[in-house]
Amino acid sequence: AQQGRVREKTYGKQKIYFADQEQLPAASDAELRGLDGEIAGRSAQLQALQQSCRHMEAELKELNGSMTTPEMAKEIEVLRKDCAAYTEKLERIKSATNHVTPEEKEKVCREQQLYRREWRRRKRMATELLDAILEGYPKSKQQFFEEVGIETDEEHGAELPA
């Protein structure tokens, strides 16, 4: 600092030393433009490298997420075993002699439809009857059901099939 190559500034109890820029040669306009051009070139180069780096990182992430060759071989083996088991199960089902005939299936469907219709009819009748009783009943519907001992389909989770 005494020789003049470094400058000193005092801020309270602290001293800061920095290079004296007055001793450095001043750059001409041509040199400044050349440096600006070099900065722009380097910035473009930096952007291109950053883009390339992002692309490579995405590719690395994709490759890390995919299976390796030994893992794929194991997966193929597991899938082949599953396929063989399903094929065997299919053959057992095909070779079974207790198939349901279309006539039996139709008969069961008709019976289910008949029972479903009957269920709806009886539920509607019971609901209408209970509503008629509840018109003159002083307490709530729930209290009436508890006193009489009526259990509803909803309490047991029973639903009419579609």
Side-chain angles (χ1 to χ4, degrees), residues 14 16-19 27 29-162:
Q14 296 179 340
I16 297 177
Y17 295 94
F18 55 93
D29 286 341
E31 288 177 322
L32 290 176
R33 274 183 258 137
L35 289 173
D36 286 343
E38 187 177 334
I39 289 172
R42 298 280 170 111
S43 294
Q45 185 181 9
L46 173 67
Q47 296 242 339
L49 288 173
Q50 285 176 336
Q51 180 66 24
S52 174
C53 183
R54 281 192 292 270
H55 177 68
M56 288 180 181
E57 285 175 347
E59 188 177 340
L60 177 65
K61 185 176 180 182
E62 182 182 329
L63 290 173
N64 283 339
S66 64
M67 298 175 106
T68 62
T69 304
E71 289 173 339
M72 282 201 171
K74 288 177 185 176
E75 184 69 20
I76 288 171
E77 188 61 34
V78 167
L79 290 174
R80 283 192 177 139
K81 287 178 183 176
D82 289 348
C83 185
Y86 288 136
T87 304
E88 181 182 322
K89 185 176 179 180
L90 179 64
E91 290 302 319
R92 280 197 316 260
I93 291 171
K94 283 183 178 179
S95 66
T97 57
N98 58 355
H99 292 293
V100 176
T101 64
E103 294 82 24
E104 291 173 334
K105 181 179 175 184
E106 184 64 32
K107 180 183 173 191
V108 169
C109 287
R110 278 194 311 267
E111 286 179 3
Q112 184 199 24
Q113 196 173 18
L114 174 73
Y115 295 141
R116 187 174 55 232
R117 235 179 302 154
E118 190 64 25
W119 185 358
R120 282 193 185 116
R121 187 177 68 78
R122 289 182 183 194
K123 184 169 181 164
R124 185 176 52 248
M125 287 175 21
T127 304
E128 289 172 359
L129 181 65
L130 290 171
D131 288 342
I133 293 171
L134 287 170
E135 283 180 12
Y137 193 72
K139 296 181 184 175
S140 71
K141 184 177 183 178
Q142 190 64 32
Q143 289 173 335
F144 175 70
F145 282 6
E146 287 177 15
E147 286 180 17
V148 177
I150 296 175
E151 296 176 352
T152 63
D153 292 340
E154 291 77 21
E155 289 176 2
H156 293 282
E159 295 180 18
L160 274 167

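Checked against ring-ring contact (aromatic ring centres under 6.0 Å, His included), Phe145 has no partners two or more places apart in sequence or in another chain. In this structure, the side-chain hydrogen bond (donor to acceptor under 3.5 Å, both in side chains) partners of Arg92, at least two apart in sequence or on a different chain, are Glu88. Taking Arg122 as the reference, Glu118 meet the side-chain hydrogen bond (donor to acceptor under 3.5 Å, both in side chains) condition, with sequence neighbours excluded. Listed by chain and number, the residues in a side-chain hydrogen bond (donor to acceptor under 3.5 Å, both in side chains) with Glu135 amount to none (sequence neighbours excluded). Listed by chain and number, the residues in a ring-ring contact (aromatic ring centres under 6.0 Å, His included) with Phe144 are Tyr137 (sequence neighbours excluded). The side-chain contact (heavy atoms from CB on, under 4.5 Å) search around Ser43 returns Ile39, not counting sequence neighbours. Ser95 meets the side-chain contact (heavy atoms from CB on, under 4.5 Å) test with no other residue; sequence neighbours excluded.
Legend: salt bridge (Lys or Arg N to Asp or Glu O under 4.0 Å) pairs involving residues 136-145, not counting sequence neighbours, sorted by first then second residue: Lys139-Glu147. Sorted by first then second residue, the salt bridge (Lys or Arg N to Asp or Glu O under 4.0 Å) pairs that include residues 32-45, not counting sequence neighbours, are Glu38-Arg42.
Distance alone, capped at 3.5 Å, is enough to place a donor-acceptor pair between the Gln143 side chain and the Ser140 backbone.
Between the NZ atom of Lys107 and the SG atom of Cys109 there is a distance of 12.5 Å, given to the nearest 0.5 Å.
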Exercise for the section: Take Leu90 and Lys94 through the test side-chain contact (heavy atoms from CB on, under 4.5 Å) and record every step on the way to the result. Expected result: CA-CA 6 Å; Leu90 179 64; Lys94 283 183 178 179; 4.0 Å; yes

Handout entry: Intermediate values then yes/no, side-chain contact (heavy atoms from CB on, under 4.5 Å), Gln50 and Leu46
Key = CA-CA 6 Å; Gln50 285 176 336; Leu46 173 67; 4.0 Å; yes

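Remark: Glu91 CD is packed, more than 12 non-hydrogen atoms of other residues, nucleotides or ligands lying under 6.0 Å away. Applying the 6.0 Å contact sphere to CZ of Phe18 captures more than 12 heavy atoms from other residues, nucleotides or ligands.
No side-chain N or O of Arg110 forms a donor-acceptor pair with one of Gln113 less than 3.5 Å apart.
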Which side-chain N or O atoms in residues 150-162 pair as donor and acceptor under 3.5 Å with protein atoms at least two apart or in another chain?
| unit_1 | atom_1 | unit_2 | atom_2 | d |
| --- | --- | --- | --- | --- |
| Glu151 | OE1 | His156 | NE2 | 3.0 |
| Thr152 | OG1 | Glu155 | N | 3.3 |
| Asp153 | OD2 | Trp119 | NE1 | 3.1 |
| Asp153 | OD2 | Lys123 | NZ | 3.4 |
| Glu154 | OE2 | Lys123 | NZ | 3.1 |

Which donor-acceptor pairs under 3.5 Å do side chains of residues 72-80 form with protein atoms, sequence neighbours excluded?
none

Tell me which donor-acceptor pairs under 3.5 Å the side chains of residues 55-63 have, and how far apart each pair is, sequence neighbours excluded?
none

